[in-house]
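Notes follow once the structure below has been shown.
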Amino acid sequence: MEKPYDFRSIEKEMQEKWREAQVFLTEDSTDKPKFYGMDFFPYPSGAGLSVGHCRNYIPTDVVCRYKRMKGFNVLHPMGWDAFGLPAENEAIKKKSHPKKTVPEYIRTYKRQMNMIGIGYDWSREINSSSPEYYKWTQWIFQLLMKRGLAYRSMSPANWCPSCKTVLANEEVVDGLCWRCDTPIEKKDLPQWFFKITDYAERLIDDLDTIDWPNSIKLMQKNWIGRSDGAEVVFKSEQGDDIVIYTTRPDTLWGASFMVLAPEHPLVEKLASADKKEAIAEYRRQAERQSAIDRQNTEKEKTGIFIGACAINPVNGRRIPIWISDYVMMGYGTGAIMAVPAHDERDFEFALKFGIEMLPVIKRADGVSKSVVPENAAGDGFAEALADAKISFARKDGNYLVTLDAGTADKYIALAEKYLAEGAFAPVAGTVWGVVSAGAFYPWNSFEAGQAILGLLKTEARTVMEYYNGFGFLRDVLLHVEKNSIINSAPEVEKFGGSEAKDKTIDWLEEKGLGKRAKNFKLRDWLISRQRYWGCPIPVIHCPHCGAVPVPEEDLPVELPDVENYEPSGSGESPLANIDSWVNVKCPVCGADAKRETDTMGGFACSSWYFLRYVSPHRDDVPFDKDLAAYWLPVDLYVGGAEHAVMHLLYARFWTKVLYDAGLVPFKEPFHCLKNQGMVLSNTPHKALTLEDGSKTKELVSIFPEEAASLPPEEVTYKWVKMSKSKRNVVSPDAMAEEFGADSLRIYELFVAPFDDAIQWSNEGMIGASRFLNRVWRMIYGYMERYDKDFAKHTDGLSPEETALRRKLHKTIAKVDADIDGFKFNTAIAAIMELANDMQAFYAKLGSGSSPVFSECIYDLVLMLAPITPHAADCIWQDLGYEGFTINAAFPVFDPAIAKDDEKEIVIQILGKVKAKAMVPADADKAHMEEVALANERIQKELAGKTVVKVITVPGKLVNIVAK
RNA sequence: GGGCAAGUGGCGGAAUGGCAGACGCAGUGGACUUAAAAUCCACCGGUAGAGAUACCGUGAGGGUUCGACUCCCUCCUCGCCCACCA
């Protein structure tokens with residue numbers, strides 16, 4: 001039977017048949033085990049689907065189809081993350097309205113998803129911007145309110161002046177807006193927050209219970225940022241309690257000063273009268289500073305002394321209180337003790353402002369002893385350096401240290417003395433500086449110390465550049481202070497490292513000076529957006545009753561239709577202008593009241609959508625409890641790594657809240673998470689031109705049109721992520737049109753491992769297409785001879801048939817394991833190998849027939865079915881089978897058939913391959929050894945040598961150790 | 001500055017302690033064709049050699065092992081994420 005591989009008509013035909021037969025409709029009640037496979041739902045954009053999206057959806061589709069064939073009841077739904085900034089910004093740009101653009105884009109996305117053959121159950125399609133959906137987003141918002149997890153507070157929020165809204169911390173990347181790269185400002189606005197911080201501990205601990213990529217778990221851990229330490233109460237001289245947080249309570253004795261955040265509430269009270277004006281000015285400056293400046297670690301430290309002192313409770317020492325923007329009000333207690341000997345930032349601050357520094361603390365574990373030898377105090381070391389002229393500067397993150405010649409001589413003399421005594425301590429800082437520069441590796445400290453002395457004595461004696469020179473500089477400067485070493489608490493003295501820290505906290509608690517405390521970098525989740533296109537916050541503000549939830553029977557609070565929805569920038573949402581909508585009666589007391597006019601950020605909508613899929617049409621509950629208990633947690637969740645700390649953290653938080661409320665029986669929503677690799681596009685770049693016209697080394701991406709207009713030498717191509725804003729997106733449409741959806745599917749799976757980034761090129765598509773064509777021709781060429789009863793004709797097979805059948809079953813084993821393990825590239829390679837063997841067999845077969853060849857066709861089609869479903873179903877039906885491959889059973893591997901009779905083993909001498917030999921597959925070690933030693937070639941090699949040892953690995957190799 | 005992941009032919013990649021380069025792309029030669037495309041066959045890491053073959057070869061250096069792309073240590077490079085969090 002001749003049938004050209006006309007993928008255009010075949011793919012269309014199959015997609016129609018699937019729709020008519022409703023093959024992807026999911027049943028809820030079944031005896032089969034369940035499998036819930038899900039993709040991150042996309043926000044519909046005008047650019048349509050890219051080949052990058054396909055890299056997400058195709059693998060999930062393969063696994064879901066495969067699971068169906070393995071006997072699972074599979075839920076594989078899709079929906080639209082339609083609310084939010086991206087959709088709204090795009091509509092503004094196009095001078096349209098999101099209510100118009102979003103449905104339009106959804107149609108395109110859906111068409112493309114169907115075009116590439118993704119088997120979604122469209123009867124469960126959801127749209128986060130439809131009232132039927134967001135009614136329940138509002139319902140969950142109120143659940144959070146009831147549970148004390150949603151609150152409104154006035155606070156300086158991240159304000160994007162371009163998007164004209166506030167953003168969550170997670171949405172600020174390098175001080176820039178995640179959507180438009182505009183620098184973020186601080187703005188004081190009343191904002192709704194979710195108390196995600198209450199769940200910080202659980203959000204870290206439960207990571208251990210889920211099967212996620214380690215890198216994502218780590219990112220979440222770092223983002224939540226748990227640290228263990230203590231809160232210690234210092235007293236101001238006036239008697240106020242100033243609580244500081246530290247992770248190093250064991251260094252309390254080295255506290256040299258105190259720093260408060262500029263906004264710290266006690267600053268006003270503590271500051272001396274003459275400093276008030278300067279403090280106010282400093283606060284104004286700090287506020288004006290954009291987040292990007294504040295985050296710049298290279299910048300000089302700033303701060304001022306507030307004219308007051310505090311008393312260190314452990315030693316009664318009086319230390320000055322400063323304010324600086326390197327201490328942040330939002331973390332810990334907004335106050336720190338500064339220990340220059342142990343903290344580089346404190347050290348730098350002390351240097352900048354000439355604050356007296358206390359030296360390091362003696363400890364038993366040797367760590368600090370390496371800095372100061374036991375007998376250093378009072379032996380002249382400090383005195384010798386007391387009148388040193390030392391200058392320093394920070395340069396590219398390093399300290400440039402200059403010693404005057406006299407100081408260098410003294411330093412050398414002392415260091416030599418210590419070295420002679422076998423103590424390398426005084427040069428330790430120097431040693432580590434140079435060691436980390438790689439100059440003296442792999443010497444030990446003592447040897448390195450001597451080498452460095454040698455350097456000091458020669459031309460390098462006056463100016464040395466230290467990498468990581470903190471330790472050295474600290475040692476020198478601290479000893480100039482002529483202070484002897486300060487001890488820790490006597491009870492703690494003999495402990496070192498983390499034990500010292502722990503014991504010190506015990507000691508502090510015992511004395512009532514402080515307590516154990518944990519801190520998190522995670523802040524509460526700011527959910528208000530001063531924008532139109534989002535889920536309205538279901539709250540009414542009453543002058544008497546405060547913020548009152550809209551009664552459940554009045555939900556959803558529908559987003560009103562407005563012509564002009566663009567953000568005003570006033571700090572209020574456009575909804576605030578609709579008087580008829582805003583003015584309502586208080587549901588509690590009936591007084592005149594106003595609706596909340598802010599909307600929720602898009603991440604609220606996506607924090608529970610995986611629950612809605614189980615019962616998308618229920619209008620009485622957000623989700624059916626029993627069905628949620630049946631389907632969830634999600635067995636496979638696939639999407640990009642860019643959501644590591646946003647969506648994935650929020651969804652985990654909401655799930656835990658629902659769990660606590662008794663609504664779901666699980667604590668984690670996504671059992672297994674996979675991140676597909678990025679798709680990179682070769683994108684033109686040019687040198688960044690500064691305002692004054694000079695060009696820098698930094699490259700910025702440009703559009704293809706601009707690249708074409710520039711001289712070629714000014715254009716550099718770089719592989720960067722596909723994004724609409726760079727106009728380097730490749731759409732799947734052209735690929736499907738030229739090569740077919742099935743070829744596109746093969747190519748995207750085959751080109752690289754699932755989680756590797758790929759550099760997109762159309763070149764490889766041809767290989768996928770060729771392979772499919774070859775398989776097609778071979779199967780249709782044989783179709784008239786195809787024997788459905790191949791299983792009954794397995795006796796009296798020729799050696800070629802046995803060999804092909806063996807290959808078939810080995811392939812089944814590999815493909816099965818590889819699909820299950822997300823190794824699609826090697827699964828396809830194995831299928832290609834099988835097809836190549838079949839091709840060779842087929843060529844020899846001529847016009848003959850073979851039941852084994854029929855068996856191979858049957859299993860090959862079913863192995864291809866999840867990967868190339870259109871072609872597979874077409875062949876399936878032409879072979880005379882009813883229905884669709886997705887309802888057939890995946891081929892079953894038979895180990896008895898796959899087993900080899902004979903195996904080729906490798907014979908090595910001293911690990912080098914010298915010969916090969918065939919042995920029975922189950923040959924024992926003795927037999928293999930015998931064969932190896934009898935080998936002609938080996939005999940020759942061994943002539944005149946003694947065999948010391950023979951290593952034999954059954955079925956694999958014999959290695960002869962001979963001298 | 002910190003963390004994570006990776007580095008293998010001309011290219012994408014395979015092999016996770018046992019024959020390095022599976023599978024595919026590109027390339028070279030040949031068959032078919034009036035010709036081209038498509039298809040089929042052969043070759044396809046480097047050096048030496050007509051050849052069989054020999055030696056070298058998985059970012060660099062060292063180590064463990066009978067045997068290392070694979071495990072350990074140090075360094076280099078690229079990528080991603082985080083970054084004044086006390």
Side-chain angles (χ1 to χ4, degrees), chain A residues 173-175 213-219 221-223 225-227 229 244-248 251 259 261 294-299 301 324-328 330-339 342-346 348-349 397-398 438 441-442 468 519-523 641-642 644-645 677-678 680 719 721 746-747 750-753 755-759 761-768 770-771 773-774 777 823 825-836 839 843 904-916 948-953 955-962:
Chain A
V173 180
D174 294 337
N214 257 331
S215 58
I216 300 285
K217 287 189 183 182
L218 251 157
M219 275 188 231
K221 263 186 201 159
N222 290 338
W223 186 261
R226 177 166 63 195
S227 74
I244 62 103
Y245 173 73
T246 178
T247 54
R248 290 291 305 275
T251 67
V259 188
R294 209 171 158 158
Q295 278 179 359
N296 185 357
T297 49
E298 293 294 299
K299 86 167 184 178
K301 291 263 183 292
S324 172
D325 62 3
Y326 85 91
V327 175
M328 282 158 298
Y331 185 78
T333 59
I336 63 159
M337 61 160 182
V339 186
H342 285 281
D343 185 286
E344 200 163 346
R345 290 156 308 179
D346 297 345
E348 207 180 313
F349 193 83
N398 300 323
Y441 178 80
N468 199 9
N519 254 298
F520 298 90
K521 289 186 202 174
L522 185 71
R523 313 290 162 84
E642 67 272 15
V645 290
M678 285 187 294
L680 308 178
W719 289 99
K721 195 182 172 189
I746 290 189
Y747 173 64
F750 178 65
V751 67
D755 45 7
D756 275 16
I758 61 166
Q759 301 177 343
S761 87
N762 296 354
E763 304 257 296
M765 284 288 309
I766 191 84
R770 259 181 218 158
F771 163 70
N773 271 289
R774 205 159 51 229
R777 277 195 308 275
K823 287 151 81 179
N825 57 330
T826 48
I828 291 172
I831 295 175
M832 284 174 168
E833 274 188 61
L834 172 67
N836 290 346
Q839 183 102 27
E904 187 183 55
I905 60 162
V906 170
I907 307 168
Q908 301 178 330
I909 294 177
L910 286 169
K912 296 213 173 208
V913 180
K914 294 294 179 189
K916 294 173 186 180
V948 180
K949 194 170 163 189
V950 179
I951 291 123
T952 310
V953 183
K956 276 192 176 155
L957 64 80
V958 178
N959 187 16
I960 299 161
V961 186

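Every heavy atom of this structure was used, including side-chain atoms; hydrogens, water molecules and symmetry mates were not. Chain letters run A, B, ... following the sequence lines, proteins first and then strands; every chain starts at 1.
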Using both pair distances under 3.5 Å as the test, note the stems of at least 3 consecutive Watson-Crick or G-U pairs that include RNA chain B. B:1-4 with B:79-82, B:10-12 with B:23-25, B:27-31 with B:39-43, B:45-48 with B:53-56, B:59-63 with B:71-75

Across all chains, not counting sequence neighbours, the side chain to side chain donor-acceptor pair (under 3.5 Å) partners of A/T826 are A/D818

Distance check, P atoms only: B/C78 and B/G1, in whole angstrom units. 13 Å

Would you mind calling B/G62 syn or anti? Take O4'-C1'-N9-C4 for purines or O4'-C1'-N1-C2 for pyrimidines, and syn is within 90° of 0. anti

Separation of the C1' atoms in B/A54 and B/G62, to the nearest angstrom: 28 Å

For A/R226, salt bridge (charged side-chain N to carboxylate O under 4.0 Å, His left out) partners two or more places apart: A/E201, A/D205

From the candidates B/G13, B/A86, B/C84, the one with an atom nearest any side-chain atom of A/N825 is B/G13

Looking across every strand, which nucleic acid part, if any, lies under 4.0 Å from A/K521 by heavy atom: base, sugar-phosphate, or nothing? base

Run the side-chain hydrogen bond (donor to acceptor under 3.5 Å, both in side chains) check on A/N762 and A/Y747 step by step: do they pass? CA-CA 9 Å; A/N762 296 354; A/Y747 173 64; over 6 Å; no

Any donor-acceptor pair, under 3.5 Å, between the side chain of A/K301 and the base of B/C84, if you only look at N and O atoms? yes

I need the CD-P distance between A/E833 and B/G21, as an integer number of Å. 13 Å

On RNA chain B, check which nucleotide each of A/I766 and A/P753 is closest to and give me the residue with the more 5' one. A/P753

